[in-house]
Amino acid sequence: MTKAQTLAKILFEFSYFHEMHGVAFKPRAYQLASESVTARGDEVEDAWRKGGIKALKELPGIGQNIAEKADELFRTGKIKEYEQMKKQFPVDIWGLSRIEGLGPKHMLDLYKHLKVKNINDLKKALKAHKIKDIPRWGEKSEIKLLNQLNLMEASGGRLLLGYVLPVADEMVRQLSKVKGVTRCTYAGSIRRRQETIGDIDLIATSKNAKSVMDAFVSLPMVESVHEKGKTRSSVRLKIGIDADLRVVPDEVFGATLQYFTGDKRHNVLLREFALSKGYTLNEYGLYKLAKKKATPTTPSPSSGRRGIGLVACKTEEEIYEKLGMETPAPEIRIGEDEIEAALKHKLPNLLPYGSVRGDLQMHSTWSDGTLSIEEMAQAAIKLGRSYIAMTDHSKSMAFINGLDEKRLKQQGKEIDKLNKNFKGFRILKGIECDIHKDGSLDISAAARKELDFVGISVHSHFHLSREEQTKRIIKAMEQPNVNCFFHPTCRLIGKREGIDFDMRAVIAAAKKNNVALEINSFPERSDLSDRWVRAVVKAGAKLMINTDAHTAEHLEFIVLGEAIARRGWATKKDVLNTKTTKEFMAWLA
DNA sequence: GCCGTTTTCGGCCCGACTGTTTTCAGTCG
């Protein structure tokens, strides 16, 4: 954990601690401060280094008291008040809070009655069926808690792509600098851009494998070493997953990359197909078999290295080509119909990374964002966007200062003013408009008409019946001046299942009403998922890829959304915000 | 504990659902 992460965690724990004791207002203050620190990361410590407590107080949500605590942490590595609090309440608040539905009051109950301090204690208590006997708890609460624990653990051990990718990039960067390394990259689920990652697979080519291994096990992000061999090592990373490194000779890089990129099902299908054509495929290359009939044993790596019957190994493209097919992009290697399409040379021309020109969902300090409209715009310009839509929340979201029609109008004036100063960049006046239970919208038709862009989304009534939910969403889509349906399923990976509705009916309604479906790039959301993207593409409806940014750094999530689009076989024409500003405005009109 | 072109003191804006209860506490967004 970086110091900023530690600080964010401590502030979060203070928030829960105060909340469980019924303290007013402090919980929210600590919560906001925690989020503010999380959003800014290492910038917080940088600010402190430059300007001490005074600089810390400049950050939103941080006043005298919290600035002093941060100062104490940065100077001494500890916060006294926090240590005292932990003595009084030695509970892993941070860890337990990952369980959905387990809030501060319940945590206090569990500790007071059953001395539950962490996940392990909780499991024991659940097993002994002791939880239902706590006052105000019952059979159902116990079952629900067990289910939520299981749901969290099912996703546990896997981390979201968006948070693993920077670590993997940094490992590749550092290993590439090691003397003797010719090439280094990641393969596996990261290269395929799966939404969650179980471990990091790295490949390097070098004539001096040992020096690469030495460097690998002593990388700063490594916590401990499982094994260290001549060509393969495995380590535990500080972020809580493993990383494996394989070192091979440079000549066989393509074969190794193909082999370790997977996925498993894709490779099985590909190897079966190779066998049927009289080849065999392993991590050292594609080999022609001597006899027509396939040998039951896999050729040993040593025979592979000697190159007996070697047909291809330098690049992936060479291997796929010798097998008579196009090379499927890593993102679509899932062992379904991609090999068939590759053989027919009918693979789609996937949306290239960097195609998105406009980002159409983001938040400012007008609702729950951390930066002003201008700051968000400047950050978007820096990333090369041509246009953005400012889509703060609507009034139903009162707890985060959602906008009513009046404030929306005021915000529009601010945007008009800002737009006058931009050249080749435009802020669209937008809203993230709540869909009410009955499918009506939170912002009036008259007010929507004044906006450039309207996104609609579900933030309430997650548990309607499938029929009601479908009806509600379609009714919302049929309203005038609606352009995009934001994070359609509302799922949060590892935390919350999506809402239940008839997706195909909604896709059809989207097409009919000219409403785009969003690919929300925020790592926890990744919503729509790759599977639904493919359904949208097949149905001929349109997509938009947005970040849902609440701060500047979030704007960089767009590549994650592009990855989802690629995994869903989307091309440039399927995604509306690949259009130029002029084209996009024309579409809106 | 934070915040301030309505305040340096006095606000901090809600509403639904669930599970436990016969009136409400806890959680979420």
Side-chain angles (χ1 to χ4, degrees), chain A residues 10-37 53 56-70 79 81-82 85 96-110 112 131-148 363 365 367-368 370 392-404 406-407 410 413-414 432-438 442 457-465 468-469 472 486-487 490-492 495-499 522 524-525 548 550:
Chain A
I10 289 172
L11 295 175
F12 178 87
E13 297 213 342
F14 270 125
S15 159
Y16 260 47
F17 183 75
H18 287 307
E19 177 123 21
M20 57 183 81
H21 295 94
V23 179
F25 305 122
K26 287 191 191 184
R28 184 73 189 134
Y30 273 111
Q31 176 91 29
L32 281 168
S34 174
E35 285 167 10
S36 182
V37 170
I53 290 176
L56 288 172
K57 278 169 72 181
E58 301 286 321
L59 301 170
I62 296 179
Q64 185 64 31
N65 187 300
I66 291 179
E68 278 176 21
K69 285 192 172 66
I79 296 176
E81 200 184 317
Y82 179 68
M85 184 265 271
L96 284 170
S97 74
R98 287 188 304 154
I99 300 169
E100 185 90 342
L102 181 51
K105 296 283 169 65
H106 287 158
M107 238 178 248
L108 183 61
D109 271 346
L110 289 169
K112 253 185 11 199
I131 291 184
K132 61 176 172 22
D133 299 322
I134 302 174
R136 292 199 61 81
W137 289 60
E139 201 90 47
K140 280 188 182 170
S141 341
E142 191 177 87
I143 292 167
K144 196 175 158 192
L145 189 56
L146 178 65
N147 288 339
Q148 290 297 348
H363 302 263
T365 46
S367 65
D368 61 345
T370 61
D392 277 305
H393 287 283
S394 61
K395 59 179 182 272
S396 280
M397 306 285 275
F399 62 102
I400 46 170
N401 210 15
L403 276 65
D404 59 13
K406 196 176 152 199
R407 287 184 68 223
Q410 289 169 356
K413 280 183 192 159
E414 183 177 326
E432 177 174 9
C433 174
D434 261 50
I435 302 174
H436 294 156
K437 186 181 180 185
D438 64 357
D442 201 31
S457 56
V458 171
H459 288 117
S460 61
H461 306 282
F462 294 114
H463 296 290
L464 296 182
S465 73
E468 277 180 292
Q469 198 70 271
R472 169 197 191 188
F486 285 164
H487 48 71
C490 298
R491 64 123 171 217
L492 293 174
K495 264 211 148 176
R496 183 173 73 205
E497 306 277 6
I499 54 175
F522 215 88
E524 285 82 349
R525 290 200 183 269
D548 203 350
H550 286 65

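First the proteins, then the strands, lettered A, B, ... as listed; each starts at 1. This is a predicted model, so every value here is computed, not measured.
Taking only side-chain atoms of A:H106, from C-beta outward, the nucleotide of B:dT27, B:dG1, B:dG29 with the closest atom is B:dT27. Side chain of A:K140, nearest nucleotide from B:dG1, B:dT20, B:dG29: B:dT20. In the set B:dG29, B:dG26, B:dG19, the nucleotide with an atom closest to the side chain of A:F462 is B:dG29. Side chain of A:R496, nearest nucleotide from B:dT20, B:dT27, B:dG29: B:dG29.
A:H21 places its NE2 atom 16 Å from the C1' atom of B:dG26, with the value rounded to the nearest Å. Between the CG atom of A:L102 and the C1' atom of B:dG19 there is a distance of 15 Å, rounded to whole Å. One can place CG of A:D368 at 17 Å from P of B:dC28, the figure rounded to the nearest angstrom. Rounded to whole Å, the distance from CZ on A:F486 to P on B:dG29 is 19 Å. In this entry the distance linking CG of A:L145 with C1' of B:dG26 reads 13 Å, nearest Å. We find that CG of A:D109 is positioned 16 Å from P of B:dG19, with the value rounded to whole Å. A:K132 places its NZ atom 12 Å from the P atom of B:dT20, with the value rounded to the nearest Å. Atom NE2 in A:H436 sits about 18 Å away from atom P in B:dG29, given to the nearest Å.
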Show me the donor-acceptor pairs, under 3.5 Å and distance only, between side chains in residues 17-25 of chain A and residues at least two apart or in other chains.
{"unit_1": "A:H21", "atom_1": "ND1", "unit_2": "A:F17", "atom_2": "O", "d": "2.8"}

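Rounded to a whole angstrom, the distance from the P atom of B:dC12 to that of B:dT6 is 15 Å. Nucleotides B:dT20 and B:dG26, compared at atom C1', are 10 Å apart to the nearest Å. Between the C1' atoms of B:dT8 and B:dG1, the separation comes to 14 Å (whole Å). B:dC24 and B:dC13 have their P atoms separated by 22 Å, given to the nearest Å.
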Practice problem: Spell out protein contact along nucleotides 2-17 of chain B as letters: B when the base is contacted, S when just the sugar-phosphate is, - when no protein heavy atom is under 4.0 Å; keep the 5' to 3' order. | Solution: SS--------B-S-SS

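Salt bridge status for A:E524 with A:K495: absent, with no side-chain N to carboxylate O gap under 4.0 Å.
Listed by chain and residue number, A:E195 satisfy the salt bridge (charged side-chain N to carboxylate O under 4.0 Å, His left out) test with A:R491 (two or more places apart in sequence, or in another chain). A:E13 pairs by the salt bridge (charged side-chain N to carboxylate O under 4.0 Å, His left out) definition with A:K86, not counting sequence neighbours. The salt bridge (charged side-chain N to carboxylate O under 4.0 Å, His left out) search around A:D548 returns A:R525, not counting sequence neighbours.
Of the two residues near DNA chain B, A:L492 and A:P135, the one whose nearest nucleotide lies more 5' is A:P135.
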Check the interface with nucleotides 22-25 of chain B: list each N/O to N/O pair with the protein under 3.5 Å, or write none.
none

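Nucleotide B:dT8 is matched to nothing when pairs are restricted to Watson-Crick or G-U wobble geometry with both distances under 3.5 angstrom.
Between the side chains of A:S396 and A:D442, at least one donor N or O sits under 3.5 Å from an acceptor N or O.
Scanning both residues, A:A33 and A:G61, for their nearest heavy atoms gives CB-O, 3.5 Å. Closest approach of A:D368 to A:D392, counting heavy atoms only: N-OD1, 4.4 Å.
Using a 4.0 Å heavy-atom criterion, one finds that A:E142 contacts no nucleic acid atom at all.
The distance from the CZ atom of A:F462 to the CZ atom of A:R496 is 4.0 Å, given to the nearest 0.5 Å.
Using cut-offs of 30° and 60° on the angle between ring planes, the pair A:F522 and A:H550 is perpendicular.
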